[in-house]
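Notes to accompany the following structure.
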Amino acid sequence: NGNALVSSNSATAPSTSQLTIDSFSSSTYRSAKYYVQASHGTNYHVIELRVLHDGTTVYMMQYGEMYNNTSLGIFDAQVSGGLVNLLFTPVNSSTTVKLTRNALTI
């Protein structure tokens, strides 16, 4: 319906630098729930994230994190230029991240 948006995205990290793996409008959506899966070779990592913002600050909760060998990276979020950005800093280059986002309108 008009109060929610479900979307998906994927990215492959070119290096171990932080990158934006998803963005949504801070003037349209107040919160989002992410289901994220990362992989690098035979290493796998899944996590769920909840993101809430007040237009200036992003509040993020991580839960349900698990991996088979080692963590593949760190997640963060920020508000910038009218967007809420979900950020990922991979441990290894060529890490692939897939996600789904369920966002609710303001």
- Flag, side chain of His40 to backbone of Ser93, donor-acceptor distance under 3.5 Å: yes
Only distances under 3.5 Å count here; give the side-chain donor-acceptor pairs of residues 70-85 to other protein atoms, sequence neighbours excluded, each with its distance to 0.1 Å.
from	atom 1	to	atom 2	distance (Å)
Ser71	OG	Gly73	N	3.4
Ser71	OG	Gly73	O	3.2
Asn85	OD1	Ser23	OG	2.6

- Message: Is there a side-chain contact between Phe88 and Thr95 in this structure, where contact means two heavy atoms from C-beta onward sitting under 4.5 Å apart?
- Response: yes
- Message: Working to the nearest 0.5 angstrom, can you tell me the gap between Ile47 CD1 and Tyr35 OH?
- Response: 11.0 Å
- Item | Leu19 versus Ala13, closest heavy-atom pair with distance | CD2-CB, 3.9 Å
- Message: Do Val51 and Val46 land in one hydrophobic cluster if side-chain heavy atoms of ILVMFWY residues count as linked below 4.5 Å?
- Response: no
- Query: Which residue pairs pass the salt bridge (charged side-chain N to carboxylate O under 4.0 Å, His left out) test when at least one of the two sits in residues 16-28, sequence neighbours left out?
  - Reply: Asp22-Arg101
- Query: When hydrophobic residues are tied together by side-chain contacts of less than 4.5 Å, even through go-betweens, does Val91 share a cluster with Leu87?
  - Reply: no
- So, Asn9 side chain and Ile21 main chain: donor-acceptor pair closer than 3.5 Å or not? yes
When the side chains of residues 58-69 are checked against the rest of the protein, which donor-acceptor pairs come out under 3.5 Å, sequence neighbours left out?
from	atom 1	to	atom 2	distance (Å)
Tyr59	OH	Asp54	OD2	3.2
Tyr63	OH	Glu48	OE1	3.4
Tyr63	OH	Arg50	NE	3.0
Tyr63	OH	Arg50	NH2	3.4
Glu65	OE2	His45	NE2	2.8
Asn68	OD1	Tyr44	N	2.8
Asn68	ND2	Thr42	O	2.9
Asn69	ND2	Asn43	OD1	2.6

- Where is the tightest heavy-atom contact between Ser25 and Ser27, given as atom of each residue plus distance? OG-OG, 3.0 Å
- Query: Hey, what's the ring geometry for Phe24 with Tyr34, parallel, tilted or perpendicular (30° and 60° as the breaks)?
  - Reply: tilted
- Quick one: are Pro90 and Val97 in side-chain contact, heavy atoms under 4.5 Å? no
- Query: Can you check side-chain hydrogen bond (donor to acceptor under 3.5 Å, both in side chains) on Thr100 and Ser8, steps first, answer last?
  - Reply: CA-CA 4 Å; Thr100 60; Ser8 63; over 6 Å; no
- Query: Looking at CG of Asn92 and OG of Ser39, how far apart are the two atoms once the value is rounded to the nearest 0.5 Å?
  - Reply: 11.0 Å
- Say you draw a straight line from CG of Leu104 to OG1 of Thr28; how long is it, rounded to the nearest 0.5 Å? 12.5 Å
